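This report refers to the structure that appears directly beneath it.
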Number of protein chains: 2
Amino acid sequence: MKFAAHGKICNEVGFILNGSFRFFFVKDGIEISNYFSFQNEFISSYRSFLKREPSLINIEAMEDSQIIYFSYTSLQELLKDERVVLKMERFGRMIAEYLICCYEERVVSFVTQTPEERYRLLLESGDDLLQRIPQYYLANYLGITPVSLSRIRKRIFAAMKRQKMAS
Amino acid sequence: MKFAAHGKICNEVGFILNGSFRFFFVKDGIEISNYFSFQNEFISSYRSFLKREPSLINIEAMEDSQIIYFSYTSLQELLKDERVVLKMERFGRMIAEYLICCYEERVVSFVTQTPEERYRLLLESGDDLLQRIPQYYLANYLGITPVSLSRIRKRIFAAMKRQKMAS
DNA sequence: CTACTTTATTATCTTTTGTTAACGATCGAA
DNA sequence: TTCGATCGTTAACAAAAGATAATAAAGTAG
């Protein structure tokens, strides 16, 4: 299922009940995965939703998934009722703040860490991501090619093996 | 002037009246600049401000600057008054949404573009950034070293010169 | 189980980046 | 003006990443 598409205005904000979604771009005809969301998370091409501009990104289900969502027009309808304005403002704020925290950490990692460091930290965190998405998606997520990630893995696991031998 | 410091909780959200601020990390004793803000922009280590957690980033004035700001405690005070809750919710939402748009574009550029492409696009955009910050800050911002940026500039300007000769 | 497709690894080669150090250029203070 | 510090460029080398192709491993459908 496609939730958002490049070049089209994103008219919904969704909440994943179960399943998983992938955020990606198409560059030179190749898909580059950028982010992954699982149950109990909000998804949206939020910039497009807010600014009413064509989306930069695509969002697509990776498996059979269930979501609930509200549309931009239904949000506008709701906001005609004074009594719900406050709650919707709060709701919008919470979604935005949730997304900010995701983005901030991600930008930090790109500026301060090498791809190898990013992958090491992900390994140490034991994040679900490692189990739930294929390695070539993960490579994109880290900002490198699948081939390069494979080499990084080789380096890391060789080093771990040496450590084990020494102990 | 220091607006936010690594390891300390950020208690303010500021708005720049004039001047400029630099966001940076310290890694292995070296400062890595990550973002820059100028007049009429909001600044905050917003994740720290929201979550009441130690800041990951530092924010510091690059020149004499004037800002107005509100503190977390004054925000809490304000929110005791029912009549301002709505406006503050909206205000918080607008700040969060503003920051999201900055971050989203930045993450996209890291995943889909090479450092050279990022610099080329910045050149083409004619962004003020190019005039207002030194090149070694810009290098950090692009995720590379100053030496590497210098090489990229050489490549680009050599290519431009060749194009000019041909025409 | 086999054949086919997809994903991961490995190899080779080229390009780019990081690191370190040297060299100019620029700017401000003495 | 001169000294010193800072910033940008360049050079040389090592390390890492991209591109491409071949191979191995894993997963799927028949």
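Quick caveat: nothing in here was measured; it's all calculated off a predicted structure.
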Hey, does the Lys NZ or Arg CZ of Arg22(A) hover above the aromatic six-ring of Phe3(A), less than 6.0 Å from the centre and inside 45° of the axis?
-> no

Cation-pi, Tyr72(B) ring and Arg52(B) (6.0 angstrom, 45 degrees) | yes

Is Arg93(A) paired with Glu89(B) through a side-chain N to carboxylate O contact shorter than 4.0 Å?
-> yes

Separation of Tyr119(B) atom OH from dG8(D) atom C1', in whole Å?
-> 12 Å

Rounded to whole Å, the CD-P distance (Glu117(A) to dA15(D)) equals 16 Å

Spacing of Leu138(B) atom CG relative to dT9(D) atom P, expressed in whole Å = 11 Å

For the pair Arg132(A) and Glu63(A), find out whether any cationic side-chain nitrogen is under 4.0 Å from an anionic carboxylate oxygen.
-> yes

Salt bridge or not for Glu116(A) and Arg151(A), using N-O below 4.0 Å?
-> no

Between dT26(C) atom C1' and Tyr136(B) atom OH, what is the distance in whole Å?
-> 14 Å

Short side-chain N/O contact to dA11(D) OP1/OP2 from Lys154(B), under 4.0 Å = yes

Of the listed nucleotides dT9(C), dG8(D), dT16(C), the one nearest the side chain of Arg153(A) = dT9(C)

Please round to 10 degrees the angle between the axis of the first five pairs and the axis of the last five pairs in the helix from dC1(C)-dG30(D) to dA30(C)-dT1(D).
-> 40°

For Ile144(B) and dT15(C), give me the distance from atom CD1 to atom P, rounded to whole Å.
-> 19 Å

Distances under 3.5 Å between protein N/O atoms and the N/O atoms of nucleotides 19-27 of chain D, please, pair by pair.
{"residue": "dA19(D)", "atom": "N6", "partner": "Arg151(A)", "partner atom": "NH1", "Å": "3.4"}

Ignoring hydrogens and geometry, is there a side-chain-to-backbone donor-acceptor pair from Asn58(A) to His6(A) under 3.5 Å?
-> yes

Output yes when a side-chain donor or acceptor of Ser44(B) lies under 3.5 Å from a complementary backbone atom of Glu12(B), and no otherwise.
-> yes

Whole-Å distance separating the CG atom of Leu130(B) from the C1' atom of dG8(D) | 15 Å

With heavy atoms under 4.0 Å as the rule, sort Pro115(A) into base, sugar-phosphate or nothing.
-> sugar-phosphate

Measure the distance from CG on Leu149(A) to P on dA17(D) and round it to the nearest whole Å.
-> 10 Å

Going by atom types only, do Thr145(A) and Ser148(A) share a side-chain donor-acceptor pair under 3.5 Å?
-> no

Ser148(A) has its side chain closest, among dG18(C), dT10(D), dA17(D), to dA17(D)

Rounded to the nearest angstrom, tell me the gap between atom CZ in Arg155(B) and atom P in dT10(D).
-> 13 Å

Does a side chain donor of either Arg118(A) or Ser109(A) reach within less than 3.5 Å of an acceptor in the other side chain?
-> no

